[in-house]
Amino acid sequence: MARITASVYTSHVPAIGAALDLGKTQEPYWQPVFQGYEFGQQWLKDNKPDVIFLVYNDHATAFSLDMIPTFAIGTAAEYQPADEGWGPRPVPKVIGHPELSAHIAQSVIQQDFDLTIVNKMDVDHGLTVPLSLMCGQQDPVKGAWPCPVIPFAVNVVQYPVPSGRRCYNLGKAIAKAVASYDEDLNVQIWGTGGMSHQLQGPRAGLINKEFDNAFLDKLINDPDAAADISHIDYVREAGSEGIELVMWLIARGAMADAAGGAKPKAVRRFYHVPASNTAVGHLILENT
Ligand code: DHB
Ligand code: FE
């Protein structure tokens, strides 16, 4: 049977992708950010999954105000990096896993979460920056990401957005779906976006280290309490784009302890301020 072995959490700041693509990783501003992911890159090599289920948000790239799916699962065989205004990032295309995607869609919809099924879409920095941070730079043509990736897009851009509690419960349903897939696959689930940031209005530039660190503590030790954080608290404390953090709860809800199993082991915790307008947070939790 397939099983979720670990969850990875990381911010997805687009300027991080640009710093990588433009060879700026050793500049004093960026060096501490990339250094913070050296552990994770080695860990991913040592703990190579068969599939990554990557929870992220689209930033009006594949979707627009024309169409706003709350939860959308990619079921395609491959996904191209999107053109976000400066051309597509020079990174490899993303190879999907249509069979596991279709199975998860079937199981999760039967568990009463109505997913949108997406057979064709491009993926933006929300998905490619976490891959770059964890896998390092890859040649766009000769290189490849280490394994197939299932993109799972969550609407955190246009209200109404899903609650943290609903995301946490959705994670539980995804874990059940994976566990009922009849092939011996090692699956990681990644929750991305966050941490505190606000990109517009009078509070643009807001960063809240206290909130972020309390969120990391809760996510590790008391995810049920983290699932109780309300929209208004995210926006007030973590800024308008801090709401991206609800996506971390999907990954956390898929860990064994959320279904009564053993608590995960936190093997990595990293926090850095700032990267562009954003606080960068990163965790790795292993199921024991
Ligand atoms: C920034 C952060 C984001 O999450 C995003 O989607 C776009 C920009 C920033 O920090 O500039
Ligand atoms: Fe974002």
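These figures come from a predicted structure and were not determined experimentally. Both ligands and their constituent atoms are indexed starting at 1 by order of listing.
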heavy-atom search around atom 9 (C) of ligand 1 in the protein gives S276 OG, 3.4 Å

Going by distance alone, is a donor N or O of one side chain under 3.5 Å from an acceptor N or O of the other, for T278 and H12? no

Could you tell me if R166 and T70 have a donor-acceptor pair between their side chains, going purely by distance under 3.5 Å? no

Which of the numbered atoms in ligand 1 are below 4.0 angstrom from a heavy atom of H197? 2 (C), 3 (C), 4 (O)

Starting from atom 10 (O) of ligand 1, what is the nearest protein heavy atom, named by residue and atom, and what distance separates them? T278 OG1, 2.5 Å

Determine the interplanar angle of the F152 and F53 rings, folded into 0 to 90°, and report it as parallel if under 30°, tilted if 30 to 60°, perpendicular if over 60°. tilted

Per-atom contacts of ligand 1 with V13, taking only distances under 4.0 Å to non-hydrogen atoms: 10 (O)

Between A251 and W190, the two heavy atoms sitting closest are CB-C, 4.0 Å

Could you tell me if any non-hydrogen atom of A15 lies under 4.0 Å from any atom of ligand 1? no

Parallel, tilted or perpendicular: which one describes the rings of W30 and F34, with boundaries at 30° and 60°? tilted

Do you see a donor-acceptor pair shorter than 3.5 Å between the side chains of Y271 and N213? no

Salt bridge (charged side-chain N to carboxylate O under 4.0 Å, His left out) test vs D224 passes for just one of K172, R165, K218, namely R165

Under 4.0 Å to a heavy atom of E244 - the qualifying atoms of ligand 1, by number: 4 (O)

Can you tell me if H125 and E84 form a side-chain donor-acceptor pair at under 3.5 Å? yes

With a cut-off of 2.8 Å, which protein N/O/S atoms are close to the Fe ion (ligand 2), if we only count those under it? H12 NE2, H59 NE2, E244 OE2

Below 4.5 Å, heavy atoms only, C-beta onward: do Q138 and V91 meet side chain to side chain? no

When you look for heavy atoms under 4.0 Å from ligand 1, do you find them on the side chain of E241, its backbone, both, or neither? neither

